[in-house]
Every structure is written in structure tokens, then in C-alpha cells.
Chemist: 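The structure under discussion is supplied below as C-alpha cells; questions concerning it will follow.
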Amino acid sequence: MRNQKPSALMAIACTGLVLSGCANTASGYRPIVDGYQDEVYHADLADCQALAKTKRYDNGETKTAALAGAVLGGAVGAIEDDSVEGAIAGVLLGGLIGAAGGAADTRTDRKDIVIRCMDGRGHAVVG
């Protein structure tokens with residue numbers, strides 16, 4: 001495990017940076033619409049973006065993905081390294097990878113909320 005600690009710590013740090021960078025993304029998504037971008041469009045877009053922000057990154061799905069990643073990572077780390085340190089590194093890394101996957105799903109959900117909301121308000125969303 002001695003040679004793997006720096007790479008595990010680097011992966012954990014990178015995953016943390018990715019997660020912190022996701023905090024306000026996707027709710028600010030601006031879909032491409034076929035039509036005018038007048039005052040009504042901008043008001044609807046602001047409302048839909050605010051609605052998308054209600055889908056939090058620390059939701060149940062993300063927590064479940066983090067827990068599953070931690071359990072799997074801990075098992076793999078214990079088997080690979082045959083030590084408590086290996087298991088702990090596996091738990092941390094697996095948990096962060098699971099959380100990153102859950103955050104990516106939330107980002108997609110937020111984008112979809114903006115698209116469906118704008119479409120529901122009569123804007124022809126094309127992309």
C-alpha cells in the first residue's frame with residue numbers, strides 16, 4: 001500500500017474538486033429554443049432554472065451511490081492490500097467515486113428539469 005497511497009490521495013483530491021465544481025452547474029443550463037428570446041422567454045428560463053436548483057446534489061440517490069461505492073471500495077481495498085489501510089483507502093476512494101457518479105446523475109436531472117419546464121411553458125426546445 002505504501003506506493004499506492006499517493007495515487008489514492010490524488011484520486012480523492014481530484015474527485016473532491018470535481019464534486020465542488022458541480023455545485024451550481026446544470027441548473028443554469030440554457031436550452032436552444034426555436035423562437036424569440038424575449039422578456040417572457042427570459043422570465044420562464046429564470047423560473048425553470050430556479051426550479052432545477054431544487055434538485056439538490058446531496059439527495060438520496062447520491063448518498064446511496066456514495067455508500068455503495070464505499071462498501072465496494074472497502075472490500076476491494078482490503079482484498080488487494082490485505083490491511084486496514086487498504087480497506088480505509090478503498091472506502092474513501094470508492095465513496096468519492098460513487099458520490100461523483102450520483103452528482104453526475106443529478107446534473108443530468110437538473111438539465112432535464114430545465115428542458116421539460118421550458119417545453120411545458122410553450123417554448124420549442126430543440127437542444
Chemist: Say whether, by atom type as modelled, one donor and one acceptor occur between the side chain of Thr54 and the main chain of Ala50 under 3.5 angstrom.
Modeler: no
Chemist: So which atom in Gln49 and which in Tyr29 form the shortest heavy-atom distance, rounded to 0.1 Å?
Modeler: NE2-O, 3.1 Å
Chemist: Is Asp44 close to Cys117 at the side-chain level, that is, under 4.5 Å between some pair of heavy atoms?
Modeler: no
Chemist: Heavy-atom distance under 4.5 Å between the side chains of Val114 and Leu51, does that happen here?
Modeler: no
Chemist: With rounding to the nearest 0.5 Å, note down the distance linking CG in Leu72 to CG in Leu67.
Modeler: 11.0 Å
Chemist: Identify the heavy atoms of His123 and Tyr41 that sit nearest to each other, and give their distance.
Modeler: CE1-CA, 3.6 Å
Chemist: Any idea which heavy atoms bring Arg110 and Lys53 closest together, and the distance?
Modeler: NH2-O, 3.3 Å
Chemist: Establish whether Val33 and Ile115 are linked, either directly or via other cluster members, by ILVMFWY side-chain heavy-atom contacts under 4.5 Å.
Modeler: yes
Chemist: Can you name the closest pair of heavy atoms from Val125 and Asp119 and give their distance?
Modeler: CG2-N, 4.0 Å
Chemist: What distance do Arg30 atom CZ and His42 atom NE2 have between them, rounded to the nearest 0.5 Å?
Modeler: 6.0 Å
Chemist: If you look at every heavy atom in Leu45 and Pro31, which pair is closest and at what distance?
Modeler: CD1-CD, 3.9 Å
Chemist: In Å and rounded to the nearest 0.5 Å, what is the CZ to CG distance from Arg107 to Asp112?
Modeler: 11.0 Å
Chemist: Rounded to the nearest 0.5 Å, how far does OG1 of Thr108 lie from CD1 of Ile113?
Modeler: 11.0 Å
Chemist: Quick one: do Val84 and Leu92 end up in the same hydrophobic cluster if we chain Ile, Leu, Val, Met, Phe, Trp and Tyr together by side-chain heavy atoms under 4.5 Å apart?
Modeler: yes
Chemist: Tell me if the CG atom of Asp38 is crowded by more than 12 foreign heavy atoms within 6.0 Å.
Modeler: yes
